[in-house]
Structures are given as C-alpha cells and as structure tokens.
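Source: prediction; values computed, not measured. Ligands are counted one by one from 1 in listed order, and the atoms in each one are counted from 1 as well.
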Amino acid sequence: MSETPKSEEAKKGWLSRWRSRGDQASETPEPEATSEPPEILEAEAKPEGEAEKKGWLSRLRTGLAKSTKRVTEGITGLFTKKKLDQQTLDELEDALIQADLGVSVAARLVEKLGKERFGKEVTEEEVRAAFADDIAEILQPVATSLVIDPAKKPHVVLVIGVNGSGKTTTIAKLANLYKGEGRKVMLAAGDTFRAAAVEQLKVWGDRAGVPVIAKDTGADAAGLAYEALERAKAESCDVLLIDTAGRLHNKANLMDELAKIVRVIRKLDPAAPHSCLLVLDATTGQNAHAQVETFKTMSPVDALVLTKLDGSAKGGVLVALAEKFKLPVVAIGVGEGIDDLRPFEARAFARGLMGLA
Ligand SMILES: Nc1nc2c(ncn2[C@@H]2O[C@H](COP(=O)(O)OP(=O)(O)OP(=O)(O)O)[C@@H](O)[C@H]2O)c(=O)[nH]1
Ligand SMILES: [Mg+2]
C-alpha cells in the first residue's frame, strides 16, 4: 500500500504546481463556495518564477518561525568560546533535545559536528549550517508526495488520527488540491461519532466544490464508507478521501471501527485503502511518537501529514519522527485555510528550522 512517486518528473511537476499557487491563495480570504475552480487553473498555467518560489519559502519560514526560534535560541549564546569543546557539544545536544529533535537525532548531529570540528574555531552560523545539512539528509528519504494512481477508480485515501489533529481540514485541503489538478474527487464523512463532524465536512466540500457522502451522526461508519466507495466507483471518481472519527468511547472501539472500515471497503476493492494517512498535530510535540505507535497497531499507516506547523514551536519533532519511523511525510499544514497545505521538502524545511535562507 505504500505510495512512492511514480517518477521524479511526476513529483517535480506536482510540487512546482503546488508551490506556484500556494502563496497568493493563503494570503487572501477563503473563497465563497463555487463549483468552478478558476483561480487554481489560472495559477497552474503560470510558470513557476523565482519570485513565487521565494514567496513560498518565506511562507514556510514564517510558518516555522516559532520552531526556528526554539531551536536557534538554544544554539545562540553557546559560542562565547572560540574553539569547539566538549562542554559546548553537550550543551548543543541539550538544546536540540529541548527543541524536540529527539535524543537520537541530537546525538547524531553533535557527534558528527564533534568529529569534524572539535578543537577548531567555529561560529554559530557554521554550526547551524552543518546541522541544517545533516537534518536535510535525515529528512530526504521521507520527503515525498502522495501519488494518486490514475489506474485506480477511485484511489482510496483513508485519513486517520486523534481528535483535533486536523484530519477533516487536511481532507478539505487535499480535495481542493486534487480538484485543482482536474481530478474527480469525492469525500466520505466517516466521522459519524462527533455531532457536527458531518456538517463540518459538508461545508468544506462545498468550499472545494466536491461532493460529500454523509449520513446522520451515529450511523455505521464502515457502512457509510462502503456506500461512498460504491458511489465513487459508479461515478468513476479519481480520488475518494475517507474522514474518520478521532475519538470513540475508548481505544478498542476506535480500533474496531477503523479495522471494520478497512475490511468492508475491501469487499469492493481488495487493494483499498490505497493510502492510509496519519494526521499529526505538530503542537503535540513528543506525544506524536506515541500516536504513530498506537495508530500503526490499528491500521496500516503509509504516510504522515503534520499539521499546525504555523502555530507550533515543536516542528523539530518532525525530524525525530522521520529518523525513528521512516514514514513518508507527504504534506505539512501551515494554516487553517483551504490552501494552507504544503509539500514537504527536506532541504527547505531543514534550513527553515535552523533559521537559514
Ligand atoms: N493553525 C492551523 N490550524 C489547523 C491546521 N490544520 C487544522 N487546523 C485547525 O485545527 C482544528 C481541528 O481541525 P480538524 O480538521 O477539525 O481536526 P480533526 O482531526 O478532524 O478533529 P476531529 O474531527 O475532532 O477528530 C480546527 O480548528 C482547524 O482549523 C493547520 O495546519 N494550522
Ligand atoms: Mg474531523
């Protein structure tokens, strides 16, 4: 079920299209519900200019500002001595751990720095640049995109995660993205537990101009997912995004419900879901590790989306997650708007985190 890009070409095209339209849209108020996506198509046709790319990077940096501050504050101030000594290395390691990069990543970064620069003169900027390179190396293998297989009609994406992590919002953002790429998208309101969850998805569906298959609160989520897949197949949709509840009465209930959704949709398509995205809220920091562990036992997780990087000082956790779980990170959320989803790019993220241009 793991999704890897078909080709570098495909990935690049998708990333640049996404980047090229990201900025203008996020600065403007959300559009009213409309069945036409003229803004997106118009922006897509534009070639990606340097200015647009710069705008995108600066938005990433703005989003990461709190995380960057946390990481770099720990590093700044350690460089009163000219030569790199053991005490400075130890303090750097502590600073990286404090910034949520995790014990293992912190040790790895500091060990490498020590090997290369111990006893030598080194500036704070050089250390940040060295760390950024090493972080980019850790992130590179997981920085990928969710590739929709055009042979699947539909490509089924199951979206899971704890309550409030940003599942429904991420589904809306993805629906908007895929619709903008000219794909036929359908949404399934599989969170039948929480009152208002169905309404929330319907509002987003209207905004993105895509149909939402829904039932009343309390309906059987697996049955709903089955019906949605039947409809999506009949209508030859390209993508079906299934929302799920983040919390039920207890963990066992949630596990049963997710397992049942998977079991039931496989009656219609034995390979479904073709992608299972786990949505994590970056503000939860280290708790994200436990969430990955838990959800992996409930459903086969193919990839991660990290949300709320704009409001988090704990973006460093993404590096720790990449190193530990090696799960692809297919997108990051940098705001509440429908366009506030970004492809995850290793080098840009690493340099942003270290406060480098
Ligand atoms: N700042 C910011 N807020 C976000 C982002 N993604 C989601 N949110 C907000 O987080 C809150 C929860 O998002 P939802 O999409 O409803 O989360 P959920 O996982 O569907 O929650 P449940 O349905 O309760 O399980 C909402 O207020 C969203 O607007 C993001 O990337 N940045
Ligand atoms: Mg939700």
Side-chain angles (χ1 to χ4, degrees), residues 18 22-23 25-27 29-30 56 59-67 157-177 187-208 212-215 217-219 221 224-225 228 241-251 253-255 257-258 261 276-285 287-288 291-292 294-295 298-299 301 304-315 317-318 329-344 349 352:
W18 197 352
D23 290 306
S26 342
E27 309 291 359
E30 278 162 24
W56 180 83
R59 264 202 60 85
L60 176 71
R61 273 198 295 276
T62 312
L64 278 178
K66 287 187 189 163
S67 300
V157 183
L158 183 68
V159 180
I160 63 175
V162 299
N163 62 303
S165 60
K167 295 178 296 297
T168 306
T169 313
T170 299
I171 285 176
K173 292 170 177 175
L174 287 171
N176 188 51
L177 174 76
L187 307 182
D191 180 357
T192 52
F193 182 74
R194 185 168 64 84
V198 172
E199 265 323 298
Q200 186 191 0
L201 196 68
K202 277 186 180 165
V203 169
W204 278 120
D206 275 352
R207 215 167 281 180
V212 179
I213 307 303
K215 283 188 177 178
T217 306
L224 182 272
L241 293 155
I242 304 177
D243 197 7
T244 61
R247 178 178 48 194
L248 293 182
H249 296 296
N250 57 47
K251 194 176 136 192
N253 281 148
L254 182 59
M255 194 184 286
E257 178 155 304
L258 292 178
I261 291 174
C276 176
L277 296 188
L278 174 60
V279 177
L280 299 169
D281 172 349
T283 61
T284 59
N287 192 261
Q291 290 176 27
V292 178
T294 305
F295 276 92
M298 296 187 190
S299 180
V301 175
L304 306 177
V305 174
L306 252 90
T307 62
K308 308 188 197 179
L309 275 162
D310 52 308
S312 173
K314 299 175 178 176
V317 73
L318 205 154
V329 178
V330 292
I332 54 176
V334 291
E336 296 185 87
I338 203 158
D339 280 293
D340 291 331
L341 194 71
R342 295 285 178 278
F344 177 59
F349 187 89

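- Taking distance alone, with nitrogen or oxygen atoms compared against 3.5 Å, Lys167 approaches ligand 1 more closely than that limit.
- For Leu309, the closest heavy-atom approach to ligand 1 does not fall below 4.0 Å.
- Applying the 4.0 Å criterion to heavy atoms of Gly333 picks out, from ligand 1, the atoms 31 (O).
- Side-chain N or O atoms of Lys66 include none that pairs as donor or acceptor with a backbone N or O of Ser312 at under 3.5 Å.
- Across all non-hydrogen atoms, the minimal contact from Phe349 to Gly315 is CZ-O, 3.7 Å.
- A salt bridge links Asp281 with Lys308: at least one charged nitrogen is closer than 4.0 Å to a carboxylate oxygen.
- Heavy atoms of Thr170 found under 4.0 angstrom from ligand 1: none, in either backbone or side chain.
- Paired with Leu304 under the rule side-chain contact (heavy atoms from CB on, under 4.5 Å), one option of Val279, Leu277, Leu278 passes, and it is Leu278.
- Looking from atom 23 (O) of ligand 1 to the surrounding protein, the closest heavy atom is Arg194 NH2, 3.0 Å.
- Here atom 2 (C) of ligand 1 lies nearest to Asp310 when heavy atoms of Thr168, Val334, Asp310 are compared.
- By the criterion of a heavy-atom distance under 4.0 Å, the side chain of Lys173, and not its backbone, is placed next to ligand 1.
- Contact annotation for Asp191 and ligand 1: only side-chain heavy atoms (C-beta onward) come within less than 4.0 Å of the ligand.
- Counting only distance, with no hydrogens or angles, the side chain of Thr244 and the backbone of Asp191 share no donor-acceptor pair below 3.5 Å.
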| request: Begin from the C-alpha positions of Ile213 and Leu187 and carry the test side-chain contact (heavy atoms from CB on, under 4.5 Å) through to its verdict. | output: CA-CA 6 Å; Ile213 307 303; Leu187 307 182; over 6 Å; no
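- Taking any N or O of Lys308, backbone or side chain, at least one lies under 3.5 Å from an N or O belonging to ligand 1.
- Within the listing of ligand 1, atoms 19 (O) sit less than 4.0 angstrom from a heavy atom of Val162.
- No side-chain donor-acceptor contact under 3.5 Å links Ser299 to the backbone of Leu258.
- Residue-level proximity to ligand 1 for Thr169 is carried by backbone and side chain together, each with a heavy atom below 4.0 angstrom.
- Contact analysis leaves Ala197 out of contact with ligand 1, as no non-hydrogen atom separation drops below 4.0 angstrom.
- On a distance-only criterion, Asp243 and ligand 1 share no N/O pair closer than 3.5 Å.
- For atom 21 (O) of ligand 1, the candidate residues are Gly164, Ala196, Gly335; the nearest heavy-atom contact is made by Gly164.
- Taking 2.8 Å as the threshold, Gln200 does not count as a candidate ligand of the Mg ion (ligand 2), since none of its N, O or S atoms lies below it.
- Scanning the protein for heavy atoms near atom 29 (O) of ligand 1, the closest one is Glu336 OE1, 2.6 Å.
- Between the Lys215 side chain and the Gly190 main chain, no donor and acceptor come within less than 3.5 Å of each other.
- Taking every heavy atom of Gly246 and a limit of under 4.0 angstrom, the matching atoms of ligand 1 come to 25 (O).
- The nearest protein atom to atom 17 (O) of ligand 1, hydrogens excluded, is given as Gly166 N, 3.0 Å; this is a heavy-atom distance.
- Shortest contact from atom 16 (O) of ligand 1 to any protein heavy atom: Gln200 NE2, 2.9 Å.
- Side-chain atoms of Asp243 and Thr168 form a donor-acceptor pair, as typed in the model, at a separation below 3.5 Å.
- Checked by atom type, the side-chain pair Asn287/Gln291 shows a donor-acceptor distance below 3.5 Å.
- Judged by distance alone, with hydrogens and angles left aside, the side-chain atoms of Asn176 form no donor-acceptor pair with the main-chain N or O of Lys173 at under 3.5 Å.
- Side-chain N or O atoms of Thr170 include none that pairs as donor or acceptor with a backbone N or O of Thr307 at under 3.5 Å.
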